[in-house]
Amino acid sequence: MKMNDITVRIGGQAGDGSLATGEILSKYFRRIGFYVATDKDFPSRIRGGHTSYAIRGSKKRIFSLDDRIDVLLAFDEDSILLHMDELESGGVVIFDSSRKDLEIKREDVRKVKIPLANIARKELGLEIIKNTMALGVLSKLFSLDSNIMRQTIRDSYKTKSEKIIEENLLAYEKGLEYSKDIEPMEGYVIEGDKVAPDTLLLMGNEAIGLGALAAGCRFIAAYPITPASDVLEFLSRHLPEKGGVAIQAESEIAAVNMAIGAGYAGLRSMAVTSGPGFDLKTEGIGLASMIEQPVVILDAQRAGPSTGLPTKTEQSDINHAVYGGHGDKARIVIAPGNVEEAFYFTFEAFNLAERFQVPVIILSDELISWNKQVVKRFDLDKLKVDRGKLELNPVSNEREFPRYDFQEDGISFRTIPGVEKGIHLETGDEHDVYGHITENASNRVKMMDKRMKKIQVMKNELFPSVVQGEGDVAVIGMGSTMGPILEALERIPREIKFIRIRTLFPFLDDVALHLKDVKIAFVVEQNYLGQLEDLVKLNTGFRNTVGIRKYDGRSFRPGIIERRIREVMGW
Amino acid sequence: MKMNDITVRIGGQAGDGSLATGEILSKYFRRIGFYVATDKDFPSRIRGGHTSYAIRGSKKRIFSLDDRIDVLLAFDEDSILLHMDELESGGVVIFDSSRKDLEIKREDVRKVKIPLANIARKELGLEIIKNTMALGVLSKLFSLDSNIMRQTIRDSYKTKSEKIIEENLLAYEKGLEYSKDIEPMEGYVIEGDKVAPDTLLLMGNEAIGLGALAAGCRFIAAYPITPASDVLEFLSRHLPEKGGVAIQAESEIAAVNMAIGAGYAGLRSMAVTSGPGFDLKTEGIGLASMIEQPVVILDAQRAGPSTGLPTKTEQSDINHAVYGGHGDKARIVIAPGNVEEAFYFTFEAFNLAERFQVPVIILSDELISWNKQVVKRFDLDKLKVDRGKLELNPVSNEREFPRYDFQEDGISFRTIPGVEKGIHLETGDEHDVYGHITENASNRVKMMDKRMKKIQVMKNELFPSVVQGEGDVAVIGMGSTMGPILEALERIPREIKFIRIRTLFPFLDDVALHLKDVKIAFVVEQNYLGQLEDLVKLNTGFRNTVGIRKYDGRSFRPGIIERRIREVMGW
Amino acid sequence: MVNISLYDRETPTWCPGCGDYGVLTALKRAAANLGLDPAKTVLVTGIGCSSKINSYFYSYGIHTIHGRAAAVATGIKLSNPELEVIIAGGDGDAYAIGTEHLVHIARRNLDVAYIVMNNQIYGLTKGQVSPTSEEGFVTITTPYGSYEKPVNGPLLALASGATFIARGFSGDIVQLTQIIEEAIRHRGFALVDVLSPCVTWNKINTYDWYKANSYQLKDHDPGDRNRAFQILQDDKFALGIIYKKEEKTFEEKVYRKYVHLPLKQLEVDRSIETIYEEFR
Amino acid sequence: MVNISLYDRETPTWCPGCGDYGVLTALKRAAANLGLDPAKTVLVTGIGCSSKINSYFYSYGIHTIHGRAAAVATGIKLSNPELEVIIAGGDGDAYAIGTEHLVHIARRNLDVAYIVMNNQIYGLTKGQVSPTSEEGFVTITTPYGSYEKPVNGPLLALASGATFIARGFSGDIVQLTQIIEEAIRHRGFALVDVLSPCVTWNKINTYDWYKANSYQLKDHDPGDRNRAFQILQDDKFALGIIYKKEEKTFEEKVYRKYVHLPLKQLEVDRSIETIYEEFR
Ligand SMILES: Cc1ncc(C[n+]2csc(CCOP(=O)(O)OP(=O)(O)O)c2C)c(N)n1
Ligand SMILES: Cc1ncc(C[n+]2csc(CCOP(=O)(O)OP(=O)(O)O)c2C)c(N)n1
Ligand code: SF4
Ligand code: SF4
Ligand SMILES: [Mg+2]
Ligand SMILES: [Mg+2]
């Protein structure tokens, strides 16, 4: 049936350990040489409420879930109610029947009922360990390599006590034991090379944190917010080792202004947030733009507006990232499409910020931020730090350094406090070349021209679109929709050109070129208003677009895209 | 030479009384039945620095200054340096030679030098009164009606002491006396009907304040900021008389949230600000949009980004007004083009806010906010208050009122605290019909659809564009550029269609219709990036636009527009 | 007396054992004791676990944005002083992102009660350091311990001009009910800081820890402002009413010279002719 | 000693007689006395008349946005603790829109001095009420008098954990110089509230008024925190150093376990391989 491509959804009440089990399973997949994609679904509350975690493992390079799941591991009734429909015909549901027995209606799937919790409680004295037991059942069903699984369990708990490791290993054995009479699934083959290649399994937020570290970012200020907090948390752990500072600020306004201060003082700095906090950073980003201050901002988008659905994904901050804030401003907005790009884009964001002396906004979304993918170990040798026109030994005879001197490319030399002969002012008021406030009209025009010129100059150095395929039908997407789009297109045996936009501001000219011979373009995005579609229309003049949009907070599945394209095209 | 259309620029150091003199002169113009347009130019500091005030009076209905001035009343040397070029050939410069004599180079203008300050000090014992003396000189030069002028002076100081009134009247007589040998200007006729019609002379900010009062707004919260503070100041004086509340909040964030609270509690409420403060209101406006809360926000635009040029005009917050804030949001953005519209739009803003239960943003600019124009007494009888679906006597048997019930037009019935049977929740989280938080996917879709539907529904009730003229060449503008555009077009004896856009979000379909047979459209706007032009392109698909932009903080003059059109068209 | 079930709404989704249950119960009891009319009461909250309390308490409720509840409440109360307006939220909401509004609502002496459920942690966002966390406190964002002295919310409110300051404990619902009742009854701004353990993320400041680190105020004169300042600097948490003073409320001052426009009267005096003179 | 003209920059555009001239002079003198190197000093300001001070004082300067100077300064000082970072601004900047940052910079005990030029009015925006305006004060936004009790900035800072609190007067440049010098020298967060008359918009709180309404602290032990709380509640303004305590600074704590990365060393350790284990 399905060769080396399997999706397992683990569902239960928060506290049932669905997430922990999923983590182990995804690690296992990586270790046998699979690629991984995951999707968390949990409510914005701390305990209780249905939580589920879908993990897909595949020998093929994947970036997102498939339409359907092969295994439903259900710790509670809700899992059955909510996810049974998703189960592939011929798949299997493993139901923990401890709390209650349940009649499961579908005839086309296999049903395995085990009172996992009861067994765990009675035989292991610890109910919560039931989740690791379930891994034993899975191992049996899919003939997983139990040695690798044991090692994975061991490693997963290695920051905990030896006791916990032992308990979990025991639970795993119990699971195997209880399923010794269970027949393995037919038609499924889950076989990697059993040798973990030199890869990493990590989520977008971790990749962003690593990218920042690798770029030499030494200052992060943030206020906690879902789904960006992980980056602050990751860097709080790792920055101090590197001589850097991570600070949880009193608000997002404080955070962005601290990051600006740090950048001004010469550290590569960053502030991470999501929608509501991104709104609050608007004024600060404007200051950075006006004083031509490098600073990197992450907006990990979630479903808005306002508090919206805090634990659900969306791509509806595009407009704010591109247009937000009063006045005409230079800025850069880039959007990685997968975990690997999240790393490299973050790395490059710090270079871009310093090279063009502008705020750089990394637009991620909840799905990318939380999706665990397998990536090749990052190649650091290829990554060069470019601090742009940072001048640490100016040889000026002037009493003040001409911080905003007019240069061909609009980019002036920059110094930082502590540098002799670098003394100057910086101000969000309009200013002259020394940074002194002036309201003079012709200076104003020259300074605006200078700052705005950068928008043109930087275009050559930003991330061009990635184009795949040819034809006069195009699909356009950005960010996390990459995964489902790729799979949808695989399923449609026609010529389709996929244009994945990676730079949103300034909008690059390549998109218009790619659209030259295109007759119809489907714009796939995770919002209501079609924010990306409008950007494309405005900047390319191409208007025969069809929006494929989703705004229920849940991520796209390939099938949605596939069906809509077929429907419109009559294919 | 010039019949009943005269522009006087009064310049000096701050403290020289240029503004006060200008106010009296503009009042005089109104009283003789003239229309008026003014433009203030002063630095962002309190004392010192060159300040000037240009007042144009005309029998013709005008909305802005002309290219050149007829009179330069110069209290200091800077006035000569900065504004002499602007003086019409055949015009007159009146120079206060007290501080210093100055050679004034131009031969084609008349020069009147009088040591005003010295005379005032010596003969009136009060130097600052020199400015009123200057009105005497002006009266003589242009044969102004001295009785009307005397009454205007008297009325202008009526809130001060009788002593001050007498001093100023005396100064006026002194001015007349000292200019008794001065010949009146040739070729100028300044003659109104000498009967003040039933008009008012007021600036945009005052019109906005009056509009709010007339609409029954009873709550304003604001944090001071140029050029919006006047509205807070005006309403601080007048709202209490009406049983309302004006509160200077601790910040713009506080202000918008207070206004939202007031709106929630049932008062028509408003928050006024400019660029930096508008940025800070972003999150709050998103909340209002999500909880479907009527609230009116004024953004009186000034030159950005960041602190920019705080006392200079610009139209560069269009993008933020239309696109600002995370998530997909319903809102209304309207832009009055003159002082009269500032009143009526403000009035209507409160109706729109309640009818569609959305935040309404009034986008003014510094020029409109400060420009004094003569308007017909407002016709209150025609203005109807419409509070929309406000339900004060719900007859529900439910324990909670279905505040977000689905209605045909997307607009639910609203109640306010204190109303029996109206109890419900409101939250910026996604919610069900009772306002209770829910993350359910299908509810999410229905609620998004409901809120977004309002964007379509409201389109019919917003301000359509005003179109004047016909032809396949169009000029597009919004806000304060109306005045200079109208005058520019008068000077070009060709068929040109002027489309003045008054609603920016949702963008109305009429603009595309008006552009149907147009071949080229000039988009006039006061910013660098062409924010209005982009809106037009995106929403109409019309792409053959030519931008006429200005971003030095100074307002347009008709000539700039005229020249550019002629140049491009080869006319 | 009203039955407290009048105030029942949704079943809370807080973690079992969360201190906020105690606060909810105390609030309901206080409301019942005072006979609050749900239709004339507004419970205004920010964002956080604690801020969900108006989903569980039956009255008008508005769950706003993080840190801004006090500003929204100011607009509500000023618009209709006849409403009973109660603010509630967490320590992050009130003492970090909301600091500004807390200070200014206190100095205005707006007649509202503000209940801060202080668990010394960020609950809803999963265990980050809070402004009230102790120095050295280890969390996911302070893996090497917090470097900051905690914000002392009640002290801040007192220094800002609040006219009622009290501290309660979710573990003592009887006293907490009294305190909340008093706070609502108080004419002026009342801050109630409630020690309300987060059983999920904060394993240090538990019920037992609070018991061991708090004490009951005895023979204390709440009118003594100097004493209040001292008490609030104690190492241990004083429980009870720490400060109380009658002063004119903001609403009284704002409406001093003018008759308040009753909300129901929606047809207001919209005439502006008398102002026209200014413009002639 | 350095000549104070070293710190001359632009000629101020403040109104003749503005109190801020006195502050500027005192700051220059203090800088000269301390021998501050302009290249290693950063004067961080917000927006307001007073915030223009870094246009007039020669050193690195950053004139930020309204109310946020303390946050920007935090980033600067943490990034390079070797810099002398001084914050300056107005009462609106510090005690209204900047309240939040003042409270939190104080509790962090960041080693910076914060000079607030308090004129009890909004100068630059032309005379609106300020958070420090007295109750009843008439301004263009409070035509019927202010309804709010003033914010007591130094008290707020003290309650927040500041380790140095002083008040000066622009009319007494000698004392003000000493105070500013001490504040800069102090290791930790130092708030200096300066009574600095706005001669244009505030006709009540004039030089004479301040003279009549302030007094010199005598025989005061700045180590006495309780006394400091009391002094700050006086009706009259106490002048001098009100509170001073040595505590670890934020930078010391943040970098406690780690060697600070000197700024000049721009090539940092960018290796991340050791972290890879987490992801396997
Ligand atoms: C502007 C903004 N920033 C951040 C968040 C994320 N957020 C939600 S609740 C919360 C803090 C929760 O802590 P606390 O206020 O103490 O409440 P608790 O959950 O502990 O009751 C944060 C940071 C948000 N919703 N909005
Ligand atoms: C976000 C924002 N809001 C408002 C303003 C307008 N503004 C500039 S200075 C100022 C206050 C000035 O008062 P204060 O801080 O006391 O300084 P002073 O001028 O009295 O020295 C205000 C409100 C602004 N620049 N930015
Ligand atoms: S996480 Fe903490 S604060 Fe939130 S509900 Fe659970 S116990 Fe309560
Ligand atoms: S307005 Fe006031 S604060 Fe501003 S410079 Fe003038 S006197 Fe000083
Ligand atoms: Mg908390
Ligand atoms: Mg001030």
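Basis for what follows: all heavy atoms, side chains included, without hydrogens, waters or symmetry-related copies. Residue numbers start from 1 in every chain, and the chains themselves are labelled A, B, ... in the order their sequence lines are given, proteins ahead of strands.
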**Prompt:** What part of Leu280(B) is in contact with chain D, defined as an atom under 4.5 angstrom from a non-hydrogen atom: side chain, backbone, both or neither?
**Reply:** side chain
**Those residues that, when tested against Asp16(B), pass salt bridge (Lys or Arg N to Asp or Glu O under 4.0 Å) (two or more places apart)** = Arg99(B), Lys130(B)
**Request:** With a 4.5 angstrom heavy-atom cut-off, could you sort out which part of Tyr223(B) is near chain D: side chain, backbone, both or neither?
**Result:** side chain
**Complete:** Of the listed Ser44(B), Ala254(B), Ser229(B), Ala222(B), the one with the largest count of heavy-atom pairs under 4.5 Å with chain D is Ser44(B)
**Message:** Between His66(D) and chain B, with a heavy-atom cut-off of 4.5 Å, which part of the residue counts as in contact: side chain, backbone, both or neither?
**Reply:** side chain
**Message:** At a 4.5 Å cut-off on heavy atoms, which part of Cys15(D) comes close to chain B: side chain, backbone, both, or neither?
**Reply:** both
**Message:** Show, in sequence, the C-alpha distance, side-chain angles and deciding distance for Asn131(B) and Thr21(B), and conclude whether the side chain to side chain donor-acceptor pair (under 3.5 Å) test is met.
**Reply:** CA-CA 6 Å; Asn131(B) 61 332; Thr21(B) 311; 3.1 Å; yes
**Request:** Answer yes or no: is there an ion pair linking Arg68(D) with Asp93(D), defined by an N-O contact shorter than 4.0 Å?
**Result:** no
**Message:** The test is side chain to side chain donor-acceptor pair (under 3.5 Å); show your working for Tyr56(D) and Thr13(D) and say whether it passes.
**Reply:** CA-CA 9 Å; Tyr56(D) 316 139; Thr13(D) 58; 3.0 Å; yes
**Item:** Option in Trp201(D), Trp14(D), Tyr95(D) with maximal non-hydrogen atom pairs under 4.5 Å from chain B
**Value:** Trp201(D)
**Charged N-O contact under 4.0 Å between Glu23(B) and Lys372(B)** = yes
**Request:** Below 4.5 Å from any heavy atom of chain B, which atoms of Thr64(D) appear? Answer side chain, backbone, both or neither.
**Result:** backbone
**Prompt:** What residue, out of Pro310(B), Ala246(B), Pro276(B), Pro224(B), has the most heavy-atom pairs lying under 4.5 Å from chain D?
**Reply:** Pro224(B)
**Request:** Count the heavy-atom pairs under 4.5 Å between each of Thr99(D), Ile65(D), Ile140(D) and chain B, then report the option with the highest count.
**Result:** Ile140(D)
**Message:** For the interface with chain D, which of Gln248(B), Glu250(B), Glu252(B) has the highest count of heavy-atom pairs at distances below 4.5 Å?
**Reply:** Gln248(B)
**Message:** So which atom in Asn205(D) and which in Tyr210(D) form the shortest heavy-atom distance, rounded to 0.1 Å?
**Reply:** O-CE1, 3.1 Å
**Asked** Should the pair Asp41(B)-Lys312(B) be classified as a salt bridge under the 4.0 Å nitrogen-to-oxygen rule?
**Response** yes
**Message:** Please classify the contact between Thr311(B) and chain D as side chain, backbone, both or neither, with a heavy-atom cut-off of under 4.5 Å.
**Reply:** neither
**Message:** Quick check with a 6.0 Å cut-off and a 45 degree axis cone: is Lys77(D) positioned over the face of Tyr114(D)'s six-membered ring?
**Reply:** no
